[in-house]
Visitor: 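Can you read through this structure? Questions will come right after.
All chains are named by letter (A, B, ...) in the order of the sequence lines, taking the proteins before the strands, and each is independently numbered beginning at 1. The model shown is predicted, which means the values in this text are computed figures rather than measured ones.
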2 protein chains.
Amino acid sequence: MTTVNALSEIAALMGDPARASMLSLLMDGRAHTASDLAHNAGITAQTASGHLSRMVEANLLAARAQGRNRFYRLASSEVAHAIESLMALAGTRATPASKSAAWRRDPDLRFCRTCYDHLAGQVGIAVTDSLTRQGHLEPKGPRDWQLTQSGELFCDKLGVDLGTAREASSRHFARQCLDWSERRPHISGALGAAIADTFFRRGWAERLRRSRTVRLTDSGRRALGSHFGATV
Amino acid sequence: MTTVNALSEIAALMGDPARASMLSLLMDGRAHTASDLAHNAGITAQTASGHLSRMVEANLLAARAQGRNRFYRLASSEVAHAIESLMALAGTRATPASKSAAWRRDPDLRFCRTCYDHLAGQVGIAVTDSLTRQGHLEPKGPRDWQLTQSGELFCDKLGVDLGTAREASSRHFARQCLDWSERRPHISGALGAAIADTFFRRGWAERLRRSRTVRLTDSGRRALGSHFGATV
DNA sequence: TTGATGCTTCGGCGCCGGCCGAACCATTGA
DNA sequence: TCAATGGTTCGGCCGGCGCCGAAGCATCAA
């Protein structure tokens with residue numbers, strides 16, 4: 001393959017209106033589901049599926065399966081840079097994030113919910129962000145985190161049962177789980193479950209019946225502020 | 001026109017093999033005749049004519065009639081930049097272990113070439129690295145550099161025409177341009193052009209015919225060592 | 001289990017656009 | 001003026017690819 005052909009193949013991928021529409025949506029830097037991208041581009045799921053796999057093949061996108069959903073995001077900042085420089089030629093700039101309709105539909109679920117056995121939504125992200133920001137949590141490999149020494153102390157002070165969490169040796173300790181509403185990773189795995197358990201045990205949060213939705217109590221709201229430095 | 005359509009239209013123009021071939025040839029920053037471009041792309045003159053007028057219409061190319069000939073060149077350095085950033089993506093297609101065939105096949109192009117009107121490849125990177133390492137060049141914002149006081153002196157000593165470079169006020173002075181073969185930024189903008197001009201004027205480098213490839217002369221190799229402290 | 005949902009694969013249709021031959025226009029040189 | 005050369009316009013052919021319906025697989029909820 002020549003340099004020229006490589007150029008034309010990459011450009012041709014971006015040159016289809018449907019694919020360009022998907023790339024534009026993904027310029028917000030977050031991950032979107034295949035159906036989200038299909039709907040946004042105004043095409044059927046099966047057509048979108050073909051487009052998406054071609055772009056993954058060409059290393060424009062990265063895919064990650066989670067449950068029944070498949071999330072796609074831009075493969076690298078270089079891809080975003082190339083798209084931006086093409087948009088610059090057209091005299092336009094990248095559009096900021098545009099929220100999907102589904103995103104607005106369920107504000108409570110979006111705010112806080114359980115994802116299996118750990119916290120997700122804005123609260124789950126707030127906890128995750130707080131831990132990384134304070135240096136308690138750091139990346140370990142592409143899909144995991146690990147607690148730092150200060151993180152161990154912090155969890156102990158909070159009453160998070162790290163001993164039991166570590167005993168579940170067959171399970172990932174601190175896995176990155178992609179949050180569908182926030183489109184960013186939150187903590188899952190044994191640590192995520194232990195943290196969620198702490199929230200329920202200390203009365204910071206309550207499960208709603210027959211729903212994944214979780215209600216943050218007043219004391220929970222205060223705890224987020226005092227322990228995590230977060231206001232939600 | 002939406003930004004999405006603008007993106008796809010520009011990308012689609014670059015996405016045709018024949019047009020991509022023309023754009024690649026024009027990446028040398030020089031003007032080429034229509035028949036030259038047609039022959040290089042392996043198509044007939046009438047087909048090329050259609051492609052060329054479409055690219056002029058889209059402001060990718062600028063045309064100038066001269067006698068019976070019609071010369072085409074890239075419309076702006078922004079076009080060159082967009083093409084270069086697409087080529088950077090094309091380099092990531094295969095598995096990281098094996099570079100693309102084109103990458104292996106074209107060692108001279110990788111070593112030194114023009115990117116529109118400035119130097120790219122290993123030599124372009126060596127110059128850029130030398131300037132930053134010696135404190136002559138420092139980052140200014142996310143995508144630009146600026147010359148330090150010592151950098152001004154250094155350029156004067158070298159014979160780089162900074163006055164003319166600064167006069168082109170509509171143009172970025174020292175822009176970061178992502179090098180597709182080295183995967184790191186080199187100097188573009190008015191300063192990049194002035195430096196390249198110095199290399200050609202002092203006989204340190206020579207353009208090869210009908211190619212973006214640049215040959216470093218023996219004196220150029222010595223100059224890289226003495227002035228820039230680089231061995232290539 | 002059963003049904004619902006998300007995603008993919010397969011097959012066939014339709015059309016957009018790249019291609020060239022032929023003809024035409026413009027500039028040059030004699 | 002006439003031929004030669006470079007470039008463009010027009011018309012028609014045809015292949016590639018974007019599209020969807022149908023069907024199939026995987027996951028989740030009850």
Visitor: Taking only the side-chain heavy atoms of B:N69 (C-beta and beyond), determine which of C:dC7, D:dG7, C:dG18 contains the nearest atom.
Guide: D:dG7
Visitor: For D:dG18 and A:R19 - does any side-chain N or O of the residue sit under 4.0 Å from the phosphate oxygens OP1/OP2?
Guide: yes
Visitor: Measure the distance from CZ on B:R70 to C1' on D:dT9 and round it to the nearest whole Å.
Guide: 13 Å
Visitor: Less than 4.5 Å apart, any side-chain heavy atom of A:F200 and any of A:E206?
Guide: no
Visitor: Quick one: A:D36 CG to C:dC7 C1', roughly how many Å, whole number?
Guide: 14 Å
Visitor: Could you tell me whether A:Y72 contacts a base, only the sugar-phosphate backbone, or nothing, with contacts defined as non-hydrogen atoms closer than 4.0 Å?
Guide: sugar-phosphate
Visitor: Between A:H51 and D:dC17, is there a side-chain N or O to OP1/OP2 distance below 4.0 Å?
Guide: no
Visitor: OP1, OP2 of D:dG18 versus side-chain N and O of A:T47: anything below 4.0 Å?
Guide: no
Visitor: Is it true that the NZ or CZ of B:R64 lies under 6.0 Å from the centre of B:Y72's six-membered ring and within 45 degrees of the ring axis?
Guide: no
Visitor: What's the closest nucleotide to the A:A34 side chain, out of D:dT8, C:dC7, D:dC17?
Guide: C:dC7
Visitor: Would you kindly give the NE2-to-P distance between A:H39 and C:dC7, to the nearest whole Å?
Guide: 13 Å
Visitor: Between B:I43 (CD1) and D:dG6 (P), how many Å, whole number?
Guide: 17 Å
Visitor: Does one side chain, of B:S21 or B:S24, offer a donor that lies under 3.5 Å from an acceptor on the other?
Guide: no
Visitor: Output yes when at least one side-chain N/O atom of B:S49 is less than 4.0 Å from OP1 or OP2 of D:dT8, else no.
Guide: yes
Visitor: With a 4.0 Å cut-off on N to O distance, would you call B:R212 and B:E84 a salt bridge?
Guide: yes
Visitor: D:dA26, D:dC17, C:dG18: which one has an atom nearest the side-chain heavy atoms of B:R54?
Guide: C:dG18
Visitor: For the side chain of A:T33, starting at C-beta, report the closest nucleotide among C:dG6, C:dC7, C:dG18.
Guide: C:dC7
Visitor: Is the shortest side-chain N to carboxylate O distance from A:R201 to A:D197 below 4.0 Å?
Guide: yes
Visitor: Can you check whether any acceptor in the base of D:dG7 is under 3.5 Å from a donor in the side chain of B:Q46, or vice versa?
Guide: no
Visitor: Grab the CD-P distance between B:E9 and C:dC16 for me, whole Å please.
Guide: 15 Å
Visitor: Given atom CG of A:D16 and atom C1' of C:dC15, what is their separation to the nearest angstrom?
Guide: 14 Å
Visitor: Nearest to the side chain of A:S35 - C:dG6, D:dC19, D:dT5?
Guide: C:dG6
Visitor: Whole angstroms only, please: what is the CZ-C1' distance between A:R64 and D:dA26?
Guide: 19 Å
Visitor: What integer distance in Å separates A:Q66:CD from C:dG6:C1'?
Guide: 14 Å
